[in-house]
There are 2 protein chains.
Amino acid sequence: MDIIISNASGVPIYEQIEEQIKSMIMNGDLSAGDALPSMRLLAKELRISVITTKRAYEDLERDGFIESVVGKGSFVKGINSEIMKESMLFAIEECLEKAVDKAILGKVSLSEMQEMLSIIYEEKKNE
Amino acid sequence: MDIIISNASGVPIYEQIEEQIKSMIMNGDLSAGDALPSMRLLAKELRISVITTKRAYEDLERDGFIESVVGKGSFVKGINSEIMKESMLFAIEECLEKAVDKAILGKVSLSEMQEMLSIIYEEKKNE
DNA sequence: AAAGTGTATATAATGCATATACACAATAAT
DNA sequence: ATTATTGTGTATATGCATTATATACACTTT
């Protein structure tokens with residue numbers, strides 16, 4: 001399981017795990033029925049507490065993406081891919097809104113923002 | 001002093017105050033030497049604690065934007081407007097980076113993002 | 001003296017992350 | 001088959017940092 005944790009970003013660890021697992025499901029790297037790494041194993045790999053992985057899996061279960069059964073493990077559920085895309089777009093929208101709020105306060109123009117966005121996107125694309 | 005506090009955004013109150021005062025300074029609505037509303041008065045207007053306004057003013061003072069003297073009040077300092085613009089752009093950049101991170105995980109294209117950004121900007125511009 | 005400033009101390013509520021112990025299931029050893 | 005072991009998910013109590021607060025203090029002006 002290729003999950004990368006960044007402590008610098010300010011994003012909670014459990015949220016980073018959630019995002020990346022959701023992305024794997026959406027992109028077909030994980031399919032319905034597939035077993036996720038156990039909470040303990042993932043915690044060991046990432047050198048974090050079991051409770052943090054549990055928190056991530058718990059949220060994913062609450063949102064209907066996975067299912068956990070005691071003694072056996074955690075598994076990907078069958079999911080409406082459209083709904084996932086929607087929720088992903090919504091999260092992006094929230095970030096953009098914050099950026100726009102600041103831009104308007106600072107009298108930064110839309111074209112300036114478009115330029116910044118483009119540069120950042122091209123940078124991040126090749127990582 | 002036209003400061004608007006939003007509890008829904010998740011942004012700390014003191015941070016919202018800081019951003020908006022910085023913006024007023026940068027846009028010339030406040031000039032060097034101008035008196036800010038007293039911590040108590042602002043707290044009363046916004047219906048928050050004095051300690052929260054103090055926290056905001058404290059940060060602004062630490063960053064060199066204002067000056068507080070006990071018994072008298074808080075006042076705008078002379079500031080390098082270029083540096084302010086820089087820090088404002090940096091904050092916007094951080095937000096855009098988070099959005100791009102999500103977009104790449106979700107295989108959302110740059111042009112999709114540009115479209116979203118444009119819509120959000122035009123919406124917010126008229127508020 | 002009174003009313004206006006900024007300041008300091010102690011406190012509460014929330015969110016993130018943890019260690020440790022518990023309960024259940026599958027497997028290996030006897 | 002029975003039991004011990006190992007591997008699952010789960011629950012409780014705790015530490016720490018951040019946000020926001022009430023209350024009392026110290027200084028300046030009027």
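Residue numbers begin at 1 in each chain, while the letters A, B, ... track the order of the sequences. What you see is a predicted model; the values in this text were computed from it and never measured.
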### Message
From C-beta outward on A/S38, which listed nucleotide comes closest to its side chain: D/dT10, D/dG9, C/dT7?
### Response
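The nucleotide sitting nearest to the side chain is D/dG9.
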
Rounded to the nearest Å, what distance is computed from the [atom1] atom of residue [X] to the [atom2] atom of nucleotide [N]?
X: A/M39; N: C/dA23; atom1: CE; atom2: P; answer: 18 Å
X: A/F75; N: D/dG9; atom1: CZ; atom2: P; answer: 8 Å
X: B/L60; N: C/dG6; atom1: CG; atom2: P; answer: 13 Å
X: B/L41; N: C/dA3; atom1: CG; atom2: C1'; answer: 14 Å
X: A/K54; N: C/dG15; atom1: NZ; atom2: P; answer: 18 Å
X: A/L42; N: C/dT18; atom1: CG; atom2: P; answer: 12 Å
X: A/E58; N: D/dT12; atom1: CD; atom2: C1'; answer: 14 Å
X: A/I5; N: C/dC16; atom1: CD1; atom2: P; answer: 14 Å

### Query
Under 4.0 Å between a Lys/Arg side-chain N and an Asp/Glu carboxylate O for A/K98 and A/D101?
no

### Query
Charged N to carboxylate O below 4.0 Å: is that the case for B/K125 and B/E122?
yes

### Residue pair B/I92 / A/V108, side-chain heavy-atom distance below 4.5 Å
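SC-SC contact between B/I92 and A/V108 confirmed.
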
### Query
Roughly how far, to the nearest 0.5 Å, is CD1 of A/I4 from CD1 of A/I17?
12.5 Å

### Message
Quick check on C/dT5: is either OP1 or OP2 less than 4.0 Å from any side-chain nitrogen or oxygen of B/S74?
### Response
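For C/dT5, OP1/OP2 do not have a side-chain N/O of B/S74 under 4.0 Å.
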
#### Entry: Heavy-atom protein contacts under 4.0 Å, nucleotides 19-30 of chain D, coded B base, S sugar-phosphate only, - none
SSBB--B-BSS-

#### Entry: Under 3.5 Å donor-acceptor, A/D34 side chain and A/S31 backbone
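Checked: pair present.
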
### Task
Would you mind telling me which of B/R62, B/R55, B/K54 makes a salt bridge (Lys or Arg N to Asp or Glu O under 4.0 Å) with B/E58?
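Output: one option passes, namely B/K54.
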
